[in-house]
Amino acid sequence: MRIAIVGTGYVGLVTGTCFSEMGTDVYCVDIDQNKIEKLKNGIIPIFEPGLDEMVERNYKAGRLHFTTDLGSILNDVDIVFSAVGTPPDEDGSADLKYVLDVARTVGQNLNKYMVIVTKSTVPVGTANLIKKTIREELDKRGLSDLKFDVASNPEFLKEGAAITDFMQPDRVVVGVESEEARRFMEKLYKPFTLNNYRIIYTDIPSAEMIKYAANAMLATRISFMNDIANLCEIVGADVGMVRKGIGADARIGSKFLYAGCGYGGSCFPKDVKALMNTAKKLGYNMQILEAVEAVNEFQKNILFEKLMKYYNGDITGKTIALWGLAFKPKTDDMREAPSLVLIDRIIKAGGKIRAYDPVAMEEAKRHLGDSITYAKDIYDATLDADAILMVTEWNEFRLPTWEVIKKTVNKPVVFDGRNIYNKQEMNELGFDYFGIGIK
Ligand SMILES: NC(=O)c1ccc[n+]([C@@H]2O[C@H](COP(=O)([O-])OP(=O)(O)OC[C@H]3O[C@@H](n4cnc5c(N)ncnc54)[C@H](O)[C@@H]3O)[C@@H](O)[C@H]2O)c1
């Protein structure tokens with residue numbers, strides 16, 4: 001089978017590479033010439049564990065191709081996936097510009113039956129828009145009778161564990177509206193069915209909705225726990241113990257119950273907003289999601305508020321060591337990272353930042369320029385620091401040699417945005433310690 005994946009970002013590159021790993025012939029297409037050239041030269045434009053070897057293996061085997069020209073390969077493939085970005089528009093709705101650009105290119109070049117599958121996260125109704133756009137282009141070319149199908153196959157991979165998530169999925173959701181499209185999708189996903197992974201076939205609007213509902217649910221769990229954590233601090237409870245206590249209930253489960261300094265990334269913030277926006281346009285108010293967003297905004301500021309309280313409202317001239325810049329560990333993705341909010345507030349309040357992240361430093365420079373100092377490692381970040389702020393829970397931050405750090409800091413105080421250290425241990429080491437939801 002031969003497929004094209006349009007959009008070679010976090011989702012498109014992983015998806016294309018993983019399908020090629022299963023023996024499919026894959027064309028990865030992107031309008032970014034520079035990105036495609038890099039890939040042809042073996043340079044992977046994103047950090048994703050395990051991806052570089054897999055790309056190299058399949059590229060060398062001739063199953064993975066990179067191109068900027070969708071039109072030239074379109075009629076050589078059986079399925080086209082669209083995995084382009086759907087960033088938030090000014091009003092919070094998903095911007096479908098890139099998705100519809102792809103649909104137009106398909107309509108301008110299509111000469112045979114094909115299934116056009118949306119992998120990007122798109123609002124309910126987008127498949128119909130794609131169909132209409134392709135049909136208009138075919139009509140212009142006098143090809144009104146040419147048959148094609150659209151389908152929805154939302155992606156659930158997590159950055160940092162994307163390959164495992166794709167190769168060993170909890171489930172694959174496929175929204176189709178014709179038997180023929182279903183047969184094509186069944187064929188493509190056969191290697192996954194052979195391995196007993198669950199493929200759920202739905203109608204298209206339900207598939208589109210499943211992706212938003214899943215992300216909104218996960219964001220809700222995080223904000224719920226953050227709300228509980230903040231109350232824990234007031235009443236004198238420990239959110240870590242509360243998490244274990246409620247997570248042991250099989251009806252609740254233990255995942256996504258960690259309190260912290262807010263969620264970020266390229267998906268949760270924009271998808272929560274887009275879902276609320278879809279509802280609002282149709283006259284419905286998603287009250288729970290409004291609260292989820294409000295709690296998250298509050299939480300992204302919480303380390304700053306704790307820091308200000310510690311220094312009686314004045315951090316002018318203070319040096320703040322910041323550990324972790326990426327929105328979560330094992331990725332270089334800085335989109336909507338809580339660290340950005342924190343850095344902005346600290347700088348505006350007159351503080352100086354010395355930051356370190358194991359892989360997101362280059363990406364951070366694109367966002368922050370020279371407004372902060374980039375340290376060599378966590379120890380370098382803490383030189384003369386008046387506080388340490390732990391923002392992203394990279395494994396290598398879990399067990400630092402505090403005795404060394406104690407000698408280099410100006411003031412031994414740690415604000416732990418992910419609750420990875422133990423308050424009593426930190427106090428015994430001579431550090432003041434503040435977590436989230438810990439008295
Ligand atoms: N990043 C994630 O963890 C994740 C997980 C699940 C779903 N998603 C969804 O998947 C979609 C893609 O996300 P991403 O993070 O991979 O985005 P990304 O920004 O990393 O990549 C998008 C790519 O599309 C390319 N592109 C734009 N217009 C194009 C066109 N007309 N033709 C060819 N290429 C074009 C861009 O150059 C870019 O390389 C989004 O809808 C996102 O919500 C993302």
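The structure presented is a predicted model; accordingly, all values stated were derived computationally and were not measured. Ligands are counted one by one from 1 in listed order, and the atoms in each one are counted from 1 as well.
Of all the atoms in ligand 1, the ones that sit under 4.0 Å from a non-hydrogen atom of A83 are 12 (C). Under a 4.0 Å criterion applied to the non-hydrogen atoms of S266, ligand 1 contributes the atoms 1 (N), 2 (C). Those atoms of ligand 1 that come under 4.0 Å of a heavy atom in V6, given as number and element, are 32 (N), 33 (C). Set against the non-hydrogen atoms of Y98, the atoms of ligand 1 under 4.0 Å away are 27 (C), 28 (N). Heavy-atom contacts of E159 reach the following atoms of ligand 1: 1 (N), 2 (C), 3 (O) (cutoff under 4.0 Å). The ligand atoms of ligand 1 that sit less than 4.0 angstrom from a heavy atom of K35 are 38 (C), 39 (O). If you number the atoms of ligand 1 from 1 as listed, the ones under 4.0 Å from a heavy atom of T86 come out as 40 (C), 41 (O), 43 (O). Taking a cut-off of under 4.0 Å to the non-hydrogen atoms of K270, the atoms of ligand 1 that pass are 42 (C), 43 (O).
Among the atoms of D271, none of the N or O lies under 3.5 angstrom from an N or O of ligand 1.
Nearest to atom 26 (N) of ligand 1 by heavy-atom distance, out of D69, V84, L70, N34, is V84. Here atom 18 (P) of ligand 1 lies nearest to G9 when heavy atoms of G265, A274, G9 are compared. Closest heavy-atom approach to atom 31 (N) of ligand 1 within the set D95, V102, V14: this belongs to V102. Residue D30 holds the heavy atom nearest to atom 23 (C) of ligand 1 of all those in T68, V29, D30. By heavy-atom distance, the residue among V11, I46, I5 lying nearest atom 10 (O) of ligand 1 is V11.
In this structure, R141 does not pair ionically with E136, as no charged nitrogen and carboxylate oxygen lie closer than 4.0 Å. The pair E297-K300 meets the salt-bridge criterion, since a charged nitrogen lies less than 4.0 angstrom from a carboxylate oxygen. Ion pairing between R366 and E362 fails under the 4.0 Å rule for side-chain N and carboxylate O.
Every residue meeting the side-chain contact (heavy atoms from CB on, under 4.5 Å) condition with Q168, not counting sequence neighbours, appears here in chain and number order: T164, Y197.
D357 places a side-chain N or O within 3.5 Å of a backbone atom of L325 that can act as its donor or acceptor partner. Although no hydrogens or angles enter the test, the distance criterion places a donor-acceptor pair under 3.5 Å between the side chain of R354 and the main chain of D380.
Of all protein heavy atoms, the one closest to atom 22 (C) of ligand 1 is G85 N, 3.6 Å. Scanning all protein heavy atoms for the shortest distance to atom 30 (C) of ligand 1 gives I31 CG2, 3.7 Å. Protein heavy atom nearest atom 9 (C) of ligand 1, with residue, atom name and distance: T121 OG1, 3.4 Å. Atom 6 (C) of ligand 1 has E155 O, 3.2 Å as its closest protein atom, hydrogens excluded (heavy atom only). Closest to atom 24 (O) of ligand 1 among all protein heavy atoms lies G7 CA, 3.4 Å. In this structure, the protein non-hydrogen atom closest to atom 19 (O) of ligand 1 is R335 NH1, 3.5 Å.
Evaluation of the salt bridge (Lys or Arg N to Asp or Glu O under 4.0 Å) test over residues 179-192, restricted to residues two or more places apart or in two chains, returns K147-E180, R182-E186.
Residues F166 and F192 meet the side-chain proximity criterion, which asks for heavy atoms closer than 4.5 Å. Taking the side chain as every heavy atom from C-beta outward, V414 and Y421 approach each other to under 4.5 Å. Taking 4.5 Å as the limit, every side-chain heavy atom of S339 sits out of range of all side-chain heavy atoms of T392.
For CZ of F224, the number of neighbouring non-hydrogen atoms (other residues, nucleotides, ligands) closer than 6.0 Å is 12 at most. The 12-atom threshold is not exceeded at NZ of K330, counting heavy atoms of other residues, nucleotides or ligands nearer than 6.0 Å.
Of all the heavy atoms of S120, the ones lying under 4.0 Å from any atom of ligand 1 are found in both the backbone and the side chain. Residue contacts with ligand 1, taken as heavy atom pairs separated by less than 4.0 Å, do not involve R104 at all. Within the 4.0 Å heavy-atom criterion, the part of C267 lying near ligand 1 is the side chain and not the backbone.
Donor-acceptor pairing under 3.5 Å is recorded for the side chains of S93 and D91.
The shortest separation from a heavy atom of K158 to ligand 1 is not under 4.0 Å, leaving the residue out of contact.
Summarising the geometry, atom OG1 belonging to T220 is positioned 11.5 Å from atom CG belonging to D227; distances are rounded to the nearest 0.5 Å.
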